[in-house]
Amino acid sequence: MARRTQSILKQLLNRHPPPLSTTSRSVTYMPRPGDGAPRTVTLIPGDGIGPLVTGAVEQVMEAMHAPIYFEKFDVHGDMKTIPTEVLDSIRRNKVCLKGGLNTPMGGGVSSLNVQLRKELDLYASLVNCFNLPGLVTRHENVDIVVIRENTEGEYAGLEHEVVPGVVESLKVITKFCSERIAKYAFEYAYLNNRKTVTAVHKANIMKLADGLFLESCREIASKYPSIKYNEIIVDNCCMQLVSKPEQFDVMVTPNLYGNLVANTAAGIAGGTGVMPGGNVGADHAVFEQGASAGNVGKQKFVERKTANPVALLMSSAMMLRHLQFPSFADRLENSVKRVILEGKYRTKDLGGNSTTQEVVDAVIGKLG
Amino acid sequence: MTQSTAPILKRLLSGTQPHHLRSWFRPITHMPRPGSDTTRPVSPITNNGTPTPVTLIPGDGIGPLVTGAVEQVFNAIQAPVIFEKFEVHGDMNKIPDEVMDSIRKNKVCLKGGLVTPVGGGVNSLNVLLRKELDLFVSVVNCFSLPGLVTRHEKVDIVVIRENTEGEYSGLEHEVVPGVVESLKVITKFCSERIAKYAFEFAHLNDRKTVTAVHKANIMKLADGLFLESCREIAKKYPEITYNEIIVDNCCMQLVSKPEQFDVMVTPNLYGNLVANTAAGIAGGTGVMPGGNVGTEYAIFEQGASAGNVGKPSMVEKKRANPVALLLSSAMMLRHLQLPDYADRLETAVKRVIYEGKYRTKDLGGSSTTQEVTDAVISALT
């Protein structure tokens, strides 16, 4: 008799897969009076797949009746500078959602993405790379947040040709910038209940530059004794990322290493099509795809309309939290995660063959 | 009757040796000296079996452990190589003169690892060595070893990295307290010769594609110069496909679709990270061979040693992986024009990995360095 009941018990236990822990949430957010007033957000669709994915966000926001007004502006990567009206709008609204701006290679035009970050002093770039339930990747248990210094370092753009055939490029590291990015990283870890902060550097070769960065990190670390702090050389870090990514939690890096580490981490956890991220400064915040590694201009994505909207949808959920609409953010994120878990509507980079619109419709359909 | 003969026929057809090793389809990698495309320079290395002297620098940490393994294996195959051992440690101010003279005389060196102290005023001895001898190319060959299960399959990437200039030139200064400037210098001369070497390498080793890794959308002048040089040289090799990839996209492609890469040519910093990432996906830094080569000298060492040299836990438990240095010494034997010994050594190492009984901790096993070395020696035919 015991044998029969065992199989029945097993069946009962296996029938209901463990629900997504976030779906059964019933936290009550008590708003201040007037919090429901619609907020204006600057929207920059951008080039290439940008308009496609920002269109997706607009549709979903409408379906949720989120209290957001989008002020759309047309900016393209081959403009010389960001138009003043766009900058004024961002300064007024304090929050912006961006598709992607294509940076022409070579030539004299500096990257508009970089310009935007410098103008608004968005010194921290945050990319959250994590395994989505239901999306099978080669690495499991990945949950890494890469916090990258956004204004100085190798990407300062200070280059000159000394003599024909010899180019010097300056990498500037300052105590001021290193301190504030370290402060942001530890603050982030503290506020988000993260246990470890890892500083990525190459101070054995670039002793002064990365040495300064490390010193700043160590100073700030001493003020947060509850958070573990360790350091790792960047080449070892790359190797550990691809072999044992579960050891990393929050990583704070200078500009160049952060770019590469963020893209590697995004790649192992599912690709740049699903990782949310944003750039934040003391006064403004611009949300965009976490790690967009050059796919913005890819023609065939634009033509076949198979760009992955998940990354920008998750980033807009982060934006909703930034605007203090956490309940809308939760709804959006849950429905996106449910769509990914079901696996029926996935764009090409996740192994499926849906178009952007189909994924958006699926997300709207799952909004609870 | 057929029932009893079927298993016998099966056994006959399958053969006794593992299929992978019998017809190992990955072509042998020759790391040529630059300029060897036209006529091979007459090397001072004799071919008739008289022992060749090679400088050996065990180094720090796990260095002596793994170079000891190489010495034992070379004894066992009776390779005509004599090692001139020298003690060098990472905290010395510079490389001793006698070591430099020895390398200049022998032209070939095998190195364990030298620990570079973090911060402080001591320059990295590894970097110093490369600058003194003008070893402008670093070659790391990352490939999947049969029998070693990794998350990525069909990896066979060669990373050719510029070794002398770029971000690692060590030119830094503190402008005012709290502001440090670090110079990254890119010259046409160095970019050209590294591009030339990369295409030469691809040509001589039957490789189909060369990919240049850069960040020229942000660092327009510096990496732009690098790209121009690569494009010029690419025109002279029309049968080799040339393409370019931005470094952050490259990192992402490496972890999702590594089979698309063949030979990659990169400046100094990107090369370091790309080589270590590629080594990580193909099995770890414990198994990837590599070396540094210049017009006159060559130093062979572990392909991508990502900071494990000084790890005391590995030294104490004697668990360092000797495979990388053994495969590098096989590359060295080919460089010395002793391909037969090189083949025997490589085949033995690959057989040991394939069987999977003796593997060090980084490959998921629990053997010590000595056990792996003994296994390799006994697998030698």
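Reminder, nothing fancy here: chain letters follow the sequence lines and each chain counts from 1. Values in this document were obtained by computation on a predicted structure and should not be read as measured data.
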To the nearest 0.5 Å, atom CG of A:Leu208 lies from atom CD of B:Glu181 at 11.5 Å
Most heavy-atom pairs under 4.5 Å with chain B, out of A:Pro164, A:Ser169, A:Gly267, A:Cys238, belong to A:Ser169
Discussion item. Taking atom CD as the centre, does A:Glu140 end up with more than 12 heavy-atom neighbours from other residues, nucleotides or ligands that are less than 6.0 angstrom away?
Written reply: no
**Message:** Counting only heavy atoms not in B:Glu259 (residues, nucleotides, ligands), do more than 12 fall under 6.0 Å from its CD?
**Reply:** yes
The reported gap from CG in A:Leu260 to CD1 in B:Ile246 (rounded to nearest 0.5 angstrom) is 11.5 Å
Applying a strict 4.5 Å limit to non-hydrogen atoms, the region of B:Ile186 in contact with chain A is both
Scored by heavy-atom pairs under 4.5 Å with chain A, the best of B:Ala222, B:Gly224, B:Ser191, B:Cys190 is B:Ala222
Taken to the nearest 0.5 Å, the spacing of B:Arg151 CZ from A:Thr137 OG1 works out to 9.0 Å
Item checked: Evaluation steps, side-chain contact (heavy atoms from CB on, under 4.5 Å), between B:Val255 and A:Arg138 -> CA-CA 9 Å; B:Val255 293; A:Arg138 291 186 182 102; over 6 Å; no
If one checks every heavy atom of A:Tyr257 against chain B at 4.5 Å, the contacting part turns out to be side chain
- Would you call A:Val167 and B:Thr187 a side-chain contact if the rule is heavy atoms closer than 4.5 Å? no
Counting heavy-atom pairs under 4.5 angstrom with chain A, the leader among B:Glu174, B:Glu228, B:Lys215 is B:Lys215
Heavy-atom closest pair (B:Glu172 atom, A:Lys207 atom, distance to 0.1 Å) is OE1-N, 3.0 Å
Whatever's closer than 4.5 Å to a heavy atom in chain B on A:Ile268 counts as both
Which of B:Thr277, B:Asn276, B:Thr285, B:Val274 passes side chain to side chain contact (heavy atoms under 4.5 Å, CB included) with A:Asp235? It is B:Asn276
Rounding to 0.5 Å, atoms CD (A:Glu159) and CD1 (B:Ile218) come to a distance of 10.0 Å
Answer key: most heavy-atom pairs under 4.5 Å with chain B among A:Ser243, A:Gly270, A:Gly271 is A:Ser243
Flag the pair A:Leu256 / B:Leu269 as yes when at least one side-chain heavy-atom distance between them is below 4.5 Å, and no otherwise.
-> yes
| Heavy atoms, side chains only, cut-off 4.5 Å: are A:Val166 and B:Lys188 in contact? | no
Turns out that what part of A:His160 lies under 4.5 Å from chain B's heavy atoms comes down to backbone
